[in-house]
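Scope of the values below: all heavy atoms of this structure, side chains included, with no hydrogens, waters or symmetry mates. Every chain is numbered from 1, with letters handed out A, B, ... down the list of sequences.
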Protein chains: 2
Amino acid sequence: MASRTIENYLKQIYLSRPADETQWLTMGKLSAAVGVTPGTATSMVRAISDAHLVEYEPRAGVRLTPAGEQLALHVLRRHRLIELLLVQVLGLDWSEVHEEAEELEHVVSDRLLARIDEILQHPAFDPHGDPIPTAGGVVRSQDCCTLLDCPLGSPTNIARILDQSADFLQYVNQCGLLPGADIRVASRNHQAQTVELLVIKRGENHVVAISFAVAEKFLVQMYDRKK
Amino acid sequence: MASRTIENYLKQIYLSRPADETQWLTMGKLSAAVGVTPGTATSMVRAISDAHLVEYEPRAGVRLTPAGEQLALHVLRRHRLIELLLVQVLGLDWSEVHEEAEELEHVVSDRLLARIDEILQHPAFDPHGDPIPTAGGVVRSQDCCTLLDCPLGSPTNIARILDQSADFLQYVNQCGLLPGADIRVASRNHQAQTVELLVIKRGENHVVAISFAVAEKFLVQMYDRKK
DNA sequence: TAATTAACTTTGCTTGCTCAAAATCAATTG
DNA sequence: CAATTGATTTTGAGCAAGCAAAGTTAATTA
């Protein structure tokens, strides 16, 4: 069995993997994601590679093997199901659950996880809109784009929020930009680097302005995901 | 913060402490309870004693300080609230929850614990009838005796089950000896070392025979705890 | 009292994970 | 092409926790 340290490395390797599948994840990025010094990451990755969960190429980086990816997805499944349970059943605030799940994901048994999945009726997304991998390790991907490159004017709704720090999520909550919220991108100002949004909240229209950097943290869907 | 190893040692020291408060818990018993070799227990206890959570007297044994006891009770509170949550809210079988809680008890935050306590409406007992210490570290003790020394014939009900291994609890479940069950001790046979019980289950009387050793694993109350 | 025994402690070693600092490599820049 | 820079790897060390086996101590038996 993989230690909780190894589970964490695998999860981070998965989450930080470069968009281009042929690319390797560098040790610098991995060590930052895991929160250890680069040297530590190198030696841990060497060890994990001995267990055939990753491929490691010195000075190039690291990449998950199919076995490693399955394990990473399993951890991610636990994490996301737990988050949803904490929000929907235990009534925690969604800004708190990420931290909590970070610990719990390493100790819930398969049996308990199956019960959670059942109680939540086999959900496909966690409270932040992240897809929950199936028990078989399949990720049902959404067809999304960020608030930076989605079409202007057309109505859409928020699918996913990529920054899960408590502070940020509290702000998100406050201006009604939760997953599922109906919005429209009113305008983009490339000089000011801002995006203006129309948020439909309790029938009323609100205007919210965010920077390009923040706009990239929101994914929206082309077609309404509720149907 | 105390590591999960230290939390475990403190919990076991509390649970295995001798009935007589002036006595020390020996290293032999502790090492067996924690599941390590005696030498390991000795050196861990030395370390925990440096943190002033226990008193340690070489060749005599170990005993919790007030600070250590508070921490032990806190761990126990987490353990027992989690067990109850798993049974009542998540619908796990009560024979499974001990193992599960053994892991979870070290990772649930105070905030989550408070929510669990609220959802369960500040319960006083876990599914096995063990008392749940308050957030302030107070144990509300019950007035109990075992099926070995309770009076013959008089109606009573099961308050607590001391053996929490899955196999045993499945048997307990099967013959209806759950906490709260209405029973009477019909007879004791000192030659055969057995106790005969009358179990009132769905209006009907059932006869169950158990050995003295098993009888000691059940605590019953003098007065009906339901009122 | 001396010998035996059981419980406990000490010692030395291992594993897993980490860091700091030194060494190395690769990719620019001058 | 040499020098500098930035990223990466190696080295040496430390800490927490564990085991096995050798050494002590105290209590019991003879």
Side-chain angles (χ1 to χ4, degrees), chain A residues 1-14 16-18 20 22-64 68 71-72 75 102-103 105-107, chain B residues 1-14 16-18 20 22-64 68 71-72 75 102-103 105-107:
Chain A
M1 255 294 85
S3 70
R4 99 187 34 204
T5 305
I6 291 179
E7 285 191 349
N8 260 324
Y9 275 82
L10 293 176
K11 187 182 66 171
Q12 294 303 344
I13 293 169
Y14 179 84
S16 311
R17 98 213 102 112
D20 177 352
T22 65
Q23 293 295 296
W24 301 76
L25 173 65
T26 64
M27 287 301 120
K29 297 222 170 107
L30 176 58
S31 64
V34 176
V36 295
T37 59
T40 302
T42 298
S43 56
M44 262 317 286
V45 163
R46 287 216 117 102
I48 301 175
S49 141
D50 290 345
H52 305 291
L53 295 169
V54 297
E55 287 178 80
Y56 169 62
E57 201 66 54
R59 315 248 160 212
V62 65
R63 184 199 278 169
L64 291 170
L71 230 163
V75 176
E102 207 67 14
E103 292 292 320
E105 68 187 9
H106 304 293
V107 300
Chain B
M1 257 291 87
S3 69
R4 101 186 33 204
T5 305
I6 291 179
E7 286 191 348
N8 260 323
Y9 275 82
L10 293 175
K11 188 182 65 171
Q12 293 303 345
I13 294 169
Y14 179 84
S16 311
R17 98 212 101 113
D20 178 352
T22 66
Q23 293 293 296
W24 301 77
L25 172 65
T26 64
M27 287 301 120
K29 297 223 171 104
L30 176 59
S31 64
V34 175
V36 295
T37 60
T40 303
T42 299
S43 57
M44 262 317 287
V45 162
R46 286 215 117 102
I48 301 175
S49 142
D50 290 346
H52 305 291
L53 294 169
V54 298
E55 287 177 79
Y56 169 63
E57 201 65 55
R59 317 243 159 215
V62 67
R63 186 199 276 168
L64 291 170
L71 229 164
V75 177
E102 207 68 15
E103 292 294 319
E105 68 188 8
H106 304 293
V107 301

Scanning both residues in full, the closest heavy-atom pair of A:R46 with A:P58 reads NH2-CG, 4.1 Å
Under 3.5 Å, side chain of B:R63 to main-chain N/O of B:T22, donor-acceptor pair present? yes
Applying side chain to side chain donor-acceptor pair (under 3.5 Å), can you list everything that pairs with A:T5, at least two apart in sequence or on another chain? none
Could you give the side-chain donor-acceptor pairs of residues 49-57 of chain B under 3.5 Å, partners two or more places apart or in another chain?
none

Annotated protein contacts, base or backbone, on nucleotides 4-18 of chain C with a non-hydrogen cut-off under 4.0 Å, one of B, S, - each: ---BBBB------SB
Among all residues two or more places apart in sequence or in another chain, which pass the side chain to side chain contact (heavy atoms under 4.5 Å, CB included) test with B:S43? none
Nearest heavy-atom pair of A:E105 and A:K11: which atoms, and what distance? OE2-NZ, 2.7 Å
Please list every donor-acceptor pair under 3.5 Å in which a side-chain atom of residues 26-36 of chain A meets a protein atom from a residue at least two apart or in another chain.
{"residue": "A:T26", "atom": "OG1", "partner": "A:K29", "partner atom": "N", "Å": "3.3"}
{"residue": "A:S31", "atom": "OG", "partner": "A:M27", "partner atom": "O", "Å": "3.1"}
{"residue": "A:S31", "atom": "OG", "partner": "A:G28", "partner atom": "O", "Å": "3.0"}

When you list every nucleotide of DNA chain D with an atom under 4.0 Å from a heavy atom of chain B, which one comes first 5' to 3', and which comes last? D:dA17 to D:dT25
